[in-house]
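Letters A, B, ... mirror the listed sequences (proteins, then strands); counts begin at 1. Model, not experiment: these values are computed from the prediction.
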Protein chains: 2
Amino acid sequence: MSMELENVLIAKQVNPTAVRLLVLEYLLKQKAAISLSDLETELHRADRVTLYRTLKTFEEKGIIHTIKDGTEVTKYALCQDECNNGLHSDMHIHFYCTNCKELYCLPKVQIPKLNLPDDFNLQEMSLVARGICKNCKK
Amino acid sequence: MSMELENVLIAKQVNPTAVRLLVLEYLLKQKAAISLSDLETELHRADRVTLYRTLKTFEEKGIIHTIKDGTEVTKYALCQDECNNGLHSDMHIHFYCTNCKELYCLPKVQIPKLNLPDDFNLQEMSLVARGICKNCKK
DNA sequence: TTGGTGATGCAACTCAATTGCATTCATTTT
DNA sequence: AAAATGAATGCAATTGAGTTGCATCACCAA
């Protein structure tokens with residue numbers, strides 16, 4: 001429960017409670033995006049609804065972003081630094097591995113510019129690629 | 001209930017029942033993708049489950065494709081000609097209008113090639129753009 | 001007519017997401 | 001220190017989409 005973690009929350013104007021610190025700590029450890037159920041399994045001492053609301057709060061404050069990857073469940077992952085108060089700039093792509101069922105953020109792969117018809121006003125994009133991830137490919 | 005419609009189903013090896021013809025007819029009229037609820041509202045004389053299974057069948061036979069647009073509900077739209085028996089080639093993008101909440105297929109806008117790390121094996125992609133559609137922009 | 005297969009309808013269930021409300025906790029005010 | 005306030009948490013219950021099981025119905029073939 002380092003001072004570091006607390007400061008991350010405080011910087012985003014989120015009250016650093018015990019549960020929230022645990023959730024943040026867990027998020028930092030992940031290589032892939034997580035679901036509410038993942039969180040519930042890990043932090044079984046906290047109520048599902050509390051964890052749900054924690055994720056909601058984190059998202060509103062720009063700490064995490066949500067990803068609908070085409071499966072039934074919503075995934076969550078830490079934002080890059082540029083995100084603030086729900087103004088997410090997660091124009092990067094997400095990669096869903098059909099083998100291990102994990103969803104990875106690939107922040108280095110920008111979504112290419114689209115040739116949209118002039119009469120469409122683009123605000124944001126979400127690109128989910130599906131295939132086999134590097135770990136499963138080995 | 002034209003012969004045309006029947007032939008579309010027969011060509012895709014789908015038994016042209018009354019409900020299926022109505023569903024196909026409805027799909028052909030749409031400019032945007034539809035949800036099961038939309039269908040239910042339109043064809044209230046058919047059971048929800050029947051409509052659900054009709055959409056499933058259509059998808060398996062390559063008549064329509066499903067789109068997860070980031071909202072809670074699955075959307076359905078007619079395939080281009082190239083789709084067959086669930087082998088969909090819908091690499092085009094979808095545009096979700098945040099104003100009218102409609103989801104449009106933009107078959108002419110191909111998804112650009114991505115610069116994925118070598119160790120990821122790409123199988124398919126889904127790109128949903130969000131913004132204001134041409135009708136709402138006026 | 002009978003038998004069989006596929007299509008349809010009804011009921012019920014699953015599961016993630018969400019809301020309401022009561023309780024607890026922390027911090028401030030008196 | 002006690003009371004008050006607001007936020008955070010926990011528990012119960014609800015919603016809504018998607019899905020499955022099973023019985024019935026429609027249609028075609030023998």
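- Listed here is the closest heavy atom pair of A/Pro107 and A/Cys105: CD-O, 3.1 Å.
- Atom CD in B/Glu59 sits about 13 Å away from atom C1' in D/dG18, given to the nearest Å.
- Considering only the side chain of B/Asn15, C/dA7 comes nearest among C/dA7, C/dT18, D/dA17.
- The distance from atom CG of B/Leu55 to atom P of D/dT19 is 11 Å, rounded to the nearest whole Å.
- Between the CG atom of A/Leu9 and the P atom of D/dA7 there is a distance of 17 Å, given to the nearest Å.
- Residue B/Tyr52 has a polar side-chain atom (N or O) positioned under 4.0 Å from OP1 or OP2 of D/dT19.
- Atom pair B/Leu51:CG and D/dG18:P shows a separation of 13 Å (rounding to whole Å applied).
- Residue order along DNA chain C, read from the 5' end via each residue's closest nucleotide, puts B/Thr17 first among B/Thr17 and B/Val49.
- Rounded to whole Å, atom P of C/dA16 lies 13 Å from atom CG of A/Asp69.
- By the criterion of side-chain heavy atoms lying less than 4.5 angstrom apart, applied directly or through intervening Ile, Leu, Val, Met, Phe, Trp or Tyr residues, B/Leu27 is grouped together with B/Ile63 in one hydrophobic cluster.
- Following rounding to the nearest Å, B/Leu43 (CG) and C/dG9 (C1') show an atom-to-atom distance of 15 Å.
- Nucleic acid contact class of B/Arg53 (heavy atoms, under 4.0 Å, all strands): base.
- Minimum atom distance to the side chain of B/Asp47 is reached by C/dG9, of the listed D/dA8, C/dG9, C/dA17.
- Proximity of B/Lys56 to the phosphate of D/dT19: a side-chain N or O atom is located under 4.0 Å from OP1 or OP2.
- To the nearest angstrom, P of C/dA7 lies 16 Å from CG of B/Leu22.
- Side chain of B/Arg20, nearest nucleotide from C/dA7, C/dG9, D/dG18: C/dA7.
- Here the rule is side-chain contact (heavy atoms from CB on, under 4.5 Å) with A/Leu43, and of A/Thr50, A/Thr54, A/Leu51 only A/Leu51 fits it.
- Each of A/Val14 and B/Lys68 was matched to the nucleotide of DNA chain D holding its nearest heavy atom; the match closer to the 5' end belongs to A/Val14.
- Of all nucleotides listed (D/dA17, C/dA17, D/dT20), D/dA17 comes nearest to the side chain of B/Arg48.
- Here B/Lys68 pairs with nothing under the salt bridge (charged side-chain N to carboxylate O under 4.0 Å, His left out) rule; sequence neighbours left out.
- Contacts of B/Thr50 with the nucleic acid, taken as non-hydrogen atoms under 4.0 Å apart, include base atoms.
- B/Phe95 and A/Phe120 have their aromatic ring centers within a separation under 6.0 angstrom.
- The side chain of B/Thr74 contributes an N or O atom lying less than 4.0 Å from OP1 or OP2 of D/dG18.
- The residue A/Ser35 sits apart from the nucleic acid: no heavy atom pair falls under 4.0 Å.
- Here the P atom of nucleotide D/dG6 and the CD atom of A/Gln13 are 19 Å apart, to the nearest Å.
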